[in-house]
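Structure, as structure tokens:
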Amino acid sequence: MTFSKGAVSRILVRTFMAVLVLLVLVAPQRQAWTQPSYPSKPVRIVLPFAAGGVADITARVIAERLGAKLNGRFYVENQPGAGGIAAARTVISSPADGHTLALLSNGTAVSVSLFNKLPYDPLKDFEPISSLGYFDFIFATGADAPFKTLAELIAAARAKPGSLNVGTINVGSTQNLSAELFKTAANLDFVIIPHRGTPEVLISTMQGNLGLMIDSYSALKGNLADGKIRALAATGPARSASTPDIPTVQESGVAGYDVVSWNALFAPAGTPPEIVKALNQALHEILAEPDVKKRLLELGIEAKASTPEEISARLKSDIDKWRKVIEKAGIPKQ
């Protein structure tokens, strides 16, 4: 059988079109076969904090929801240590495949200026994913203290410079630096007394040895409810949804005072953008769920997701902010 040149051309065109259609149909399947789903194994979230604290509880709530949302297992691994160095090393030395994540915080920003040389750069060695939540600190005094408001405490401190004792946890903590910032912003002369932990600060406050203490709402919640201590102010720029009845430091007469701590999820630098996008989208959905918002609000945390760019900008801004506070306070580098 013979074909004319025109017939041959038509056959070739039809064959080409058939192959082209087949390739179009097969391409999505080939893409699905060559791109493994995420997560393909358990995902660990490494924390620079011990179990039981605000960050730990937040991370465990989020890990459980991420597992359900992304059909995998997410778990928390606690690696406490100064500057978050151990936890950071674990994460940045892991493959950038989304299966090892880091919880960074306001404390990460503080560490940059508090330590002579960190073995990592949080702005370069991590890929931002999203914020998890934000929380204020509480200014509190003993139940029997003569100060009913922060304005009264400020007036008394000005009347007798150097007479007020303010208690915080260790030097360089956000609580401690909040006290240093308060001293500068309110133009006060008082003594900051660091303690080894919150229980010691609480005891000193309840015994009347401290005129003021600063710590997170979750750490003080029980004693506030029992009337053993009295809240005078919250450190955020506006009243928190978790403590709407507690006025801010700014409301009490200290213009510009603003301390809000945060927790956020980061990955090793170089993590594929599609994995970052999947995690970010999942976190936006999880942190908008009413029961998650309620659970975190009970800890004094306002659940809020962000874009990667927003939390990266917040980290950089807080590094600059706390560097100035540390330098002005003359806190020696560790």
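Nothing here was measured: the structure is a model prediction, and the numbers come from that model. Quick note: residue numbers are just sequence positions, from 1.
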Original post:
When you look at R295 and E298, which way does the salt bridge (charged side-chain N to carboxylate O under 4.0 Å, His left out) test go after all the steps?
Top reply: CA-CA 5 Å; R295 176 72 182 96; E298 291 170 352; 3.7 Å; yes
**OP:** In sequence, state the C-alpha distance, the side-chain angles, and the governing distance for N165 and I192, and then conclude on side chain to side chain contact (heavy atoms under 4.5 Å, CB included).
**Re:** CA-CA 6 Å; N165 291 333; I192 300 174; over 6 Å; no
Subject >> Y38/D97 under side chain to side chain contact (heavy atoms under 4.5 Å, CB included): CA gap, chis, key distance, verdict >> reply: CA-CA 9 Å; Y38 173 79; D97 59 5; over 6 Å; no
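A salt bridge between E200 and R196 is present, with a side-chain N of the basic residue lying under 4.0 Å from a carboxylate O of the acidic one. A salt bridge links D291 to R65: one of the charged nitrogens lies within less than 4.0 Å of a carboxylate oxygen. A salt bridge links D320 to K316: one of the charged nitrogens lies within less than 4.0 Å of a carboxylate oxygen.
Of the N and O atoms on the side chains of E310 and S131, not one donor lies less than 3.5 Å from an acceptor on the other residue. Judged by distance alone, the side chains of S105 and N263 never bring a donor and an acceptor atom under 3.5 Å apart. Side chains of N78 and D56: a donor-acceptor N/O pair is present below 3.5 angstrom, by distance only.
With contacts defined as side-chain heavy-atom distances shorter than 4.5 Å, the pair W322/V259 qualifies. A heavy-atom distance below 4.5 Å is found between the side chains of Q250 and P237. A heavy-atom distance below 4.5 Å is not found between the side chains of V43 and T100. Between P39 and F74 there is a side-chain heavy-atom pair separated by less than 4.5 Å. At least one side-chain heavy atom of L103 sits less than 4.5 Å from a side-chain heavy atom of F49. Using a 4.5 Å cut-off on side-chain heavy atoms (C-beta onward), P194 and I169 make no contact. Counting heavy atoms from C-beta outward, T108 and V112 have side chains that stay 4.5 Å or more apart. The closest side-chain heavy-atom distance from D215 to I138 is not below 4.5 Å.
The distance from atom CG of D125 to atom CG of L123, rounded to the nearest 0.5 Å, is 9.5 Å. Atoms NZ and CD1, from K124 and I92 in turn, are 13.0 Å apart once rounded to the nearest 0.5 Å. Note that CD of E302 and CZ of F135 are 12.0 Å apart. Values are rounded to the nearest 0.5 Å. Taking CD1 of I45 as the start and OG1 of T58 as the end, the distance is 11.0 Å to the nearest 0.5 Å. Here the straight-line distance linking atom CG of D136 with atom CZ of R239 works out to 11.5 Å at 0.5 Å rounding. Atom-to-atom distance recorded for L232:CG and E152:CD is 9.0 Å, nearest 0.5 angstrom.
Side chain of K69 to backbone of Q281: no donor-acceptor contact under 3.5 angstrom is found.
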